[in-house]
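Just follow the structure's listing: the first ligand is 1, and inside any ligand the first atom is 1.
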Amino acid sequence: MGRTKEDASIGIIGMGDMGKMYAQRLSDAGWRINACDRPENYESLQQEFASQQGVTIFPNGHLVSRISDFILYSVEAGVIDRVVAQYGPSTKVGAVVGGQTSCKAPELAAFEKHLPQDVEIVSCHSLHGPKVNPKGQPLVLIQHRASDESLQFVDRILSCFGSKHVYLTGEMHDRITADTQAVTHAAFLSMGTAWQANEQFPWEISRWVGGIENVKINITLRIYSNKWHVYAGLAILNPPAKQQIRQYAESVTELYKLMIGGHREELKRRVKAAGASVFKEGTAGQDLLLKDEVLDKFSLSKRSREKAPPNSHLSLLAIVDCWSKLGIVPYDHMICSTPLFRLWLGVTEYLFRNPDLLDEALDTAIDDNNFRSDDLEFTFAARAWSDCVSFGDFESYRDRFERIASYFAPRFAEASTLGNEMMKTILEKTSNNP
Ligand SMILES: NC(=O)C1=CN([C@@H]2O[C@H](COP(=O)(O)OP(=O)(O)OC[C@H]3O[C@@H](n4cnc5c(N)ncnc54)[C@H](OP(=O)(O)O)[C@@H]3O)[C@@H](O)[C@H]2O)C=CC1
Ligand SMILES: O=C(O)C(=O)Cc1ccc(O)cc1
């Protein structure tokens with residue numbers, strides 16, 4: 001049977017949103033937890049967890065590492081090397097170590113560099129945010145330097161989440177999450193940047209209200225209300241993500257040039273060819289239920305909507321062009337997808353599997369001047385985010401992110417209630433389609 005709840009304990013280093021969620025759920029399931037955050041947070045964390053049975057808070061990672069049998073690092077990706085260098089040598093002999101960072105190459109390199117040889121490595125990644133119910137969501141497990149018995153030990157610990165365990169190498173994990181997460185975030189970050197640049201709150205403008213616009217708005221605000229380092233880390237530290245985001249920016253630029261040049265036939269030919277290569281006959285065609293009747297319920301706008309407003313949908317046309325250029329079949333990644341990716345694929349599919357809507361978007365892109373300045377700003381934004389990720393500068397990423405986040409901040413509370421509701425409704429309805 002190996003290590004059990006009775007004789008083994010779990011260490012968590014980094015008690016931020018994800019660390020706390022893990023501590024809460026694992027202790028509820030009967031595991032003993034030893035946890036810490038940075039030393040200056042010791043007292044406040046102790047108070048916060050005073051009434052949580054089974055969780056002991058320690059002042060630092062040395063004290064957690066020396067007594068725990070499975071130790072999970074749940075810190076910012078940008079500091080993983082420094083934190084493992086600090087506490088790794090204190091790891092209990094024979095323990096198993098893992099991490100929760102969203103990009104595995106730097107995390108596994110830090111483990112190999114700083115952990116003693118008598119320590120095993122099984123890493124993990126919950127592919128959802130801390131407020132999403134883990135049940136049914138993908139949870140990646142990476143048996144990097146460990147026996148089968150130790151993998152089973154980690155499997156047993158994490159089984160209380162009810163997530164779908166997906167077994168990958170670190171490299172496969174990073175390749176897939178570059179395709180799914182990084183470029184998805186780039187698209188929504190760019191929408192927010194464009195709205196801010198044009199001084200818009202899109203739900204206050206009639207041409208944005210309703211249907212799939214609600215998904216764009218709610219997800220964009222959800223991302224900007226979150227922590228910048230989560231998005232910076234998984235884009236900047238993951239090399240294939242840079243290439244993906246660059247291709248997305250190129251697709252946006254090239255399609256925008258066709259639009260303003262009035263090249264209707266070329267635009268239609270290119271977009272439809274890309275659509276045919278991504279949404280092949282026989283591919284999932286899941287009923288993602290992204291129907292206007294459902295989505296209209298999740299509007300921040302107080303206005304009523306009479307008819308679906310036309311939109312050029314540059315962000316959606318470009319993602320399909322980008323997938324097609326890189327030979328990516330998004331359905332291949334469903335097993336390892338996040339809720340945001342599934343929604344993003346859902347809205348894209350909604351547009352591309354509806355030929356009338358797609359034609360309307362392409363005609364709007366050519367004929368309707370109302371979208372020119374929105375799409376111009378979106379193009380600038382996609383390129384700027386791509387440059388920012390390519391330069392790999394965390395501080396300038398933070399600066400851009402926080403500047404735009406502060407513009408939307410007054411609306412976060414309202415948007416998060418509505419966005420959570422929307423995610424829940426849509427994800428519940430699609431839970432059989434992982
Ligand atoms: N949020 C999400 O949606 C998801 C995040 N992840 C990944 O999980 C990891 C944690 O993310 P999340 O919980 O959201 O981020 P948080 O910023 O909420 O948590 C990270 C915590 O680690 C602490 N920390 C930093 N240095 C040390 C140290 N030396 N010793 C102990 N604690 C330290 C931070 O303290 P301080 O803030 O004081 O620096 C902070 O409390 C990240 O790598 C992220 O990419 C994975 C899946 C989903
Ligand atoms: O669903 C998304 O893409 C999110 O934004 C939440 C998220 C962020 C980081 C992760 O490593 C996993 C999930």
Next on the checklist: Tell me if a side-chain donor or acceptor on Asp174 pairs with a main-chain N or O of Lys104 at a distance below 3.5 Å.
Outcome noted: yes
Item to check | Atom indices of ligand 1 within 4.0 angstrom of Ser74 heavy atoms, with elements | outcome: 10 (C), 20 (C), 21 (C), 22 (O)
Checklist entry - Are side-chain N/O atoms of Ser150 and Ser147 paired as donor and acceptor at under 3.5 Å? => result yes
Item to check | Side-chain donor-acceptor pair present, Arg246, Ser386, cut-off under 3.5 Å | outcome: no
Checklist entry - Which protein non-hydrogen atom lies closest to atom 4 (C) of ligand 1, naming both residue and atom, and how far is it? => result Met18 CG, 3.6 Å
Next on the checklist: Given Arg38, Glu107, His229, Glu40, identify the one with the heavy atom nearest to atom 36 (P) of ligand 1.
Outcome noted: Arg38
Item to check | Heavy atom of the protein closest to atom 40 (C) of ligand 1 (residue, atom name, distance) | outcome: Asp37 OD1, 3.6 Å
Next on the checklist: Is the ring pair Phe401/Tyr224 parallel, tilted or perpendicular, if the boundaries are 30 and 60 degrees?
Outcome noted: tilted
Item to check | Closest to atom 1 (N) of ligand 1 (judged by heavy-atom distance), picking from Pro130, Ala77, Gly129 | outcome: Pro130
Checklist entry - Under 3.5 Å, is there a donor-acceptor pair linking the side chains of His128 and Asn133? => result no
Item to check | Axial cation check for Phe201 ring with Arg411, 6.0 Å and 45° limits | outcome: yes
Checklist outcome for this item: Taking only non-hydrogen atoms of His128 and a 4.0 Å limit, the atoms of ligand 1 in range are 47 (C), 48 (C)
Next on the checklist: Suppose I only count heavy atoms of Asn41 and a 4.0 Å limit; which atoms of ligand 1 are within that range?
Outcome noted: 38 (O)
Checklist entry - Backbone or side chain, does any N or O of His125 fall under 3.5 Å from an N or O of ligand 1? => result no
Next on the checklist: Residues around ligand 2, heavy atom under 4.0 Å from any ligand atom, sorted by chain and number. Can you pull those?
Outcome noted: Ser102, His125, Ser126, His128, Gly129, Gln181, His185, Val230, Tyr231, Leu234, Thr338, Pro339, Leu340
Checklist entry - Short N/O distance, under 3.5 Å, between Asn226 and ligand 1? => result no
Checklist entry - For Ser315, does its backbone N or O pair with a side-chain atom of Tyr248 as donor and acceptor, under 3.5 Å? => result yes
Next on the checklist: Does ligand 1 come near enough to Cys36 that some N or O of the ligand is less than 3.5 Å from an N or O of the residue?
Outcome noted: no
Checklist entry - Given Glu76, Met21, Lys20, which has its nearest heavy atom closest to atom 25 (C) of ligand 1? => result Glu76
Checklist entry - With a 4.5 Å heavy-atom cut-off, do Val55 and Arg32 have their side chains touching? => result no
Checklist entry - Would one find more than 12 heavy atoms of other residues, nucleotides or ligands at under 6.0 Å from atom OH of Tyr167? => result yes
Checklist entry - Any sub-3.5 Å donor-acceptor pair from Glu120's side-chain atoms to Gly94's backbone N or O? => result no
Item to check | Phe380 atom CZ: more than 12 heavy-atom contacts under 6.0 Å | outcome: no
Checklist entry - How far is atom 6 (N) of ligand 1 from its nearest protein heavy atom, and which residue and atom name does that atom have? => result Ser102 OG, 3.6 Å
Checklist entry - Can you find an N or O of Ser126 that's nearer than 3.5 Å to an N or O of ligand 1? => result no
Item to check | Atom indices of ligand 1 within 4.0 angstrom of Val230 heavy atoms, with elements | outcome: 1 (N), 14 (O)
Checklist entry - Would Ser9 and Asn34 count as having a side-chain donor-acceptor pair, cut-off 3.5 Å? => result yes
Next on the checklist: Is the distance from the ring center of Trp385 to that of Tyr397 below 6.0 Å?
Outcome noted: yes
Item to check | Protein heavy-atom partner closest to atom 43 (O) of ligand 1 - residue, atom, separation in Å | outcome: Val75 O, 2.7 Å
Checklist outcome for this item: In ligand 1, the atoms that come under 4.0 Å of a heavy atom of Thr101 are 43 (O)
Next on the checklist: Is it the case that over 12 heavy atoms from other parts of the model lie below 6.0 angstrom from the CZ atom of Arg66?
Outcome noted: no
Next on the checklist: Can you report which non-hydrogen protein atom sits closest to atom 7 (C) of ligand 1, along with the distance?
Outcome noted: Gln100 O, 3.3 Å
Next on the checklist: Can a side-chain donor-acceptor contact be found between Asp321 and Gln247 if the only test is distance below 3.5 angstrom?
Outcome noted: no
Next on the checklist: I'd like to know if the side chain of Asn226 and the backbone of Ile223 have a donor-acceptor N/O pair within less than 3.5 Å.
Outcome noted: no
Item to check | atom 18 (O) of ligand 1 - nearest protein heavy atom and its distance | outcome: Lys227 NZ, 2.6 Å
Item to check | Top protein contact for atom 19 (O) of ligand 1, by heavy-atom distance | outcome: Gly16 CA, 3.2 Å
Next on the checklist: Suppose I only count heavy atoms of Val83 and a 4.0 Å limit; which atoms of ligand 1 are within that range?
Outcome noted: 29 (N)
